[in-house]
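Okay, structure first, notes after.
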Amino acid sequence: MRSSKFLIATVKETPADAEVISHQLMLRAGMIRKVAAGVYNWLPMGLRTLKKVEKVVREEMDRTGSQEVLLPAVQPAELWQQSGRWEMYGGELLRLQDRHDRDFCFGPTHEEVITTLIGNEIRSYKQLPASFYQIQTKFRDERRPRFGVMRAREFLMKDAYSFHRDQESLQESYDQMFTAYSTVFTRLGLHFRPVEADTGSIGGSGSHEFHVLAQSGEDAIATCDKHDYAANVELAVAAQIGGERAAPSEQLSKQDTPGQKTIAAICDYLKAPVEKTIKTLLVKGAEVDAVALVLRGDHELNELKAEKHPLVAAPLQWLDEDEVMQAVGCGVGSIGTVNIPIPVIADRSAANISDFICGANEDDVHYTGVNWGRDCPEPESFDLRSVKQGDLCSRAGDVDLGEQGDEDRLKIMRGIEVGHIFQLGTKYSEPLNANYLDQNGKATTMIMGTYGIGISRIVAAAIEQNYDDRGIIWPTNMAPFELVITPIGYHKSELIKRTCDRLYAAFSDLGIEVLLDDRNERPGIMFADADLIGIPHRLVVGEKSLANGKLEYKERSADEAKEFDAEDVVDLLAARITAAR
RNA sequence: CGGGGUGUAGCGCAGUCUGGUAGCGCAUCUGGUUUGGGACCAGAGGGUCGGGGGUUCGAAUCCCUCCACCCCGACCA
């Protein structure tokens, strides 16, 4: 491709509304332009990269034996009513009506459509297992789209669905997908991590997310390399802190704590370590008005874990000021476990401390020297908290006595979720009647798996991992062009022009994706654009080096340029580029 | 959905408080000089000042209203 015939829409200034680096660079490199909140145009430069990602994903999906299909973007409401999601999905589902006022939605995902299709087309156990995938535009009406194509409303996704006779077969496909996903992200040159993920309301036995590690990631993941553990913080579990609970050693004592409402304020006021405090959080119960969740002062509630407790209403609902007053007779800053009139669920670590400090259920008063079993009933112990950096990995032991070293402790990292694989079971095949006839001629519900990759999100995620102050540094397999030829004086020197044209033809013939910058621009502009766009290999053709029979070669990721003999540069470079694919 | 903020040329911004002929830089176009890391000189084009309504002799500026976009939070495949 010649630059003069290709839309190079680079901009020097960073657009004001772009927050994260990938969004800024995608705009500046002329890859995308915003049309509306979370809705983007892909320009020729951006589309080339998007297609590269698609290509790798398609190849690896094909390799698993999954068959490509293309399902409709617009789907009738009836299917969603049948699965129950027309009511469940909420505002993220973009609903529309046709000219006859019939209800439709723009597909945010395709379980309903594929399950109905395959339920009709596959009738015999002999046809199972089977797997289908598509690469297609999805729309999810996010409440807060942000970060460019990282969290867009309209986005490109690869979604796959597998159908099985039994759990063993599903597990086989699941494992195969796990491997295929790992291959995809490896081929794309991404630093990623598969992590155990929450199965949410669907339940089921298995789910993994694939995260690209980056500071700007919206998810937190907990990892322990030594024990090969990685999980989304939403469900990560740490070892319980402390062994046997110490016997009470202090008397229960009431303290006036005027105006001290937060844990930090109480610790400061009573000169107590934060590990000796507990906080009591009130939420709606599944069957009663209020339930108390108790955590150590330095721990954070994990709402997803709390929701899983049968006494707690799901989704989690906090009591407001009035409801708190009604439930325990004081404000939120003074709630405690002594004589509390509602059910108490304590986090494992909170249930394990003695002589602790808590509110007295009376404004501006706290108790010190509180002990479970003596001053208040033994609580139900449950894992309620989010793990934090430095917690003991649950695979390193059941209790944390402070004896284990750093390598046994969890690290918290940020990740961008680019893939998710999920064992669905019969969640959709049951309501949508996806049955097959087994060996005995008996109608049986298919067991399903679902597998997604965020194609457009990968583009942004890759940039978050690969950039410098000059622009993008594409992994080879994602670059819009593999090689850029930058002439110095293309429009002045016949020799330069001839040399560049010959190199361009030679590389093109070898199947190298080469961009010849034949614009009549100053070298500074061509260098700046090539760096910003992030083309991995650059060849500079100038009088200076050409006079000595040399050409200047520089890798985008390298600091220094090298000189190659003009004669064998084509063979050398072509070999180098194709080897890295 | 709650809180905060911003809408003025393709992009980045000033002007709004204190009403009086709409500006600057970059980009674009023309001519010239330049040409190894975002050149210089001269000239030119480009604006419903987010929309609607109101106050006023006169509104980018004041008032009302609607909209869009961004950030924080809540929520969430």
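Residue numbers start from 1 in every chain, and the chains themselves are labelled A, B, ... in the order their sequence lines are given, proteins ahead of strands.
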Winner on side-chain proximity to A:Arg146, out of B:C71, B:G12, B:C70, is B:C71
Reading nucleotides 33-38 of chain B from 5' to 3' and marking B where a protein heavy atom lies under 4.0 Å of the base, S where only the sugar-phosphate is that close, and - otherwise, the string is -BBBBB
By nearest-nucleotide position on RNA chain B, the 5'-leaning member of A:Val418 and A:Asp17 is A:Asp17
Separation of B:C76 atom P from A:Gln317 atom CD, nearest Å, is 11 Å
TODO: Measure the acute angle between the ring planes of A:Phe481 and A:Phe6, then classify it against the limits of 30° and 60° as parallel, tilted or perpendicular.
DONE: perpendicular
message = Categorize A:Tyr490 for me: base, sugar-phosphate, or nothing, with a 4.0 angstrom heavy-atom threshold over every strand shown.
response = nothing
Answer for the Watson-Crick or wobble partner of B:G73, both distances under 3.5 Å, is B:C1
**Q.** A:Tyr451 and A:Ser162: side chain donor to acceptor below 3.5 Å
**A.** yes
From CZ of A:Phe139 across to P of B:A77 the rounded distance in Å is 18 Å
Whole-Å distance, A:Asp219 CG to B:A77 C1', equals 11 Å
When rounded to whole Å, the CD1 to C1' distance for the pair A:Ile421 and B:A77 reads 15 Å
Nearest-angstrom distance, P atom, B:C13 to B:U6: 12 Å
| Can you check whether A:Leu573 reaches A:Phe507 side chain to side chain, under 4.5 Å on heavy atoms? | yes
Checking N1-N3 plus N6-O4 or O6-N4 for Watson-Crick, or N1-O2 and O6-N3 for wobble, each under 3.5 Å, the partner of B:A59 is none
Scan A:Thr14 against the nucleic acid and name what it touches under 4.0 Å (heavy atoms): base, sugar-phosphate only, or nothing.
-> sugar-phosphate
Partner of A:Glu218 under salt bridge (Lys or Arg N to Asp or Glu O under 4.0 Å), picked from A:Arg414, A:Arg457, A:Arg146, is A:Arg146
Look at the side-chain N and O atoms of A:Arg144 and state whether any lies under 4.0 Å from the OP1 or OP2 oxygen of B:C71. yes
Using Watson-Crick geometry (N1-N3 plus N6-O4 or O6-N4) or G-U wobble (N1-O2, O6-N3), each under 3.5 Å, B:U33 is paired with B:A39
Ranking B:A77, B:C70, B:G25 by distance to the side chain of A:Lys34, first place goes to B:C70
Atom CZ of A:Arg33 and atom P of B:G10 are separated, to the nearest Å, by 13 Å
In whole Å, measure the gap between the P atoms of B:C11 and B:G47 for me. 14 Å
A:His420 NE2 to B:A77 C1', in whole Å, measures 8 Å
When you compare B:C63 with B:G7, how far apart are their P atoms, in angstrom units rounded to a whole number? 15 Å
Note to self: Under 4.0 Å, heavy atoms only, any strand: does A:Glu303 hit a base, just the sugar-phosphate, or nothing?
What the structure shows: sugar-phosphate
When the C1' atoms of B:A14 and B:A60 are considered, how many whole Å apart are they?
12 Å
Handout entry: B:U8 versus B:G12 - spacing of their P atoms, nearest Å
Key = 9 Å
pair_partner(B:U6), Watson-Crick or wobble, both distances < 3.5 Å, evaluates to B:A68
- Query: Less than 6.0 Å separating the ring centroids of A:His420 and A:Phe422?
  - Reply: yes
Practice task
Establish, yes or no, whether a centroid distance under 6.0 Å links the rings of A:Phe132 and A:Tyr161.
Solution key: no
Show the atom names and distances, to 0.1 Å, of all donor-acceptor pairs under 3.5 Å that link a side chain in residues 533-540 of chain A to residues at least two apart or in another chain.
{"residue": "A:His537", "atom": "ND1", "partner": "A:Tyr553", "partner atom": "OH", "Å": "2.6"}

*SB check A:Arg85 A:Glu112 (cutoff 4.0 Å)*: yes
Taking a pair to mean Watson-Crick or G-U wobble geometry with both distances below 3.5 Å, B:A27 pairs with none
Using the P atom on both, measure B:A59 against B:G51 and round to a whole Å.
15 Å
Regarding the side chain of A:Ala16, the nearest nucleotide among B:C13, B:A74, B:C69 is B:C13
Pair A:Ser22-A:Glu464, side-chain donor/acceptor within less than 3.5 Å = yes
By nearest-nucleotide position on RNA chain B, the 5'-leaning member of A:Glu307 and A:Arg153 is A:Arg153
Separation of B:A77 atom P from A:Leu424 atom CG, nearest Å, is 13 Å
Nearest-Å distance once atom C1' is located in both B:C49 and B:C40 | 33 Å
For nucleotides B:A27 and B:A9, find the distance between their C1' atoms and express it as a whole number of Å. 11 Å
Between CD of A:Glu417 and C1' of B:C76 the distance, given in whole Å, is 11 Å
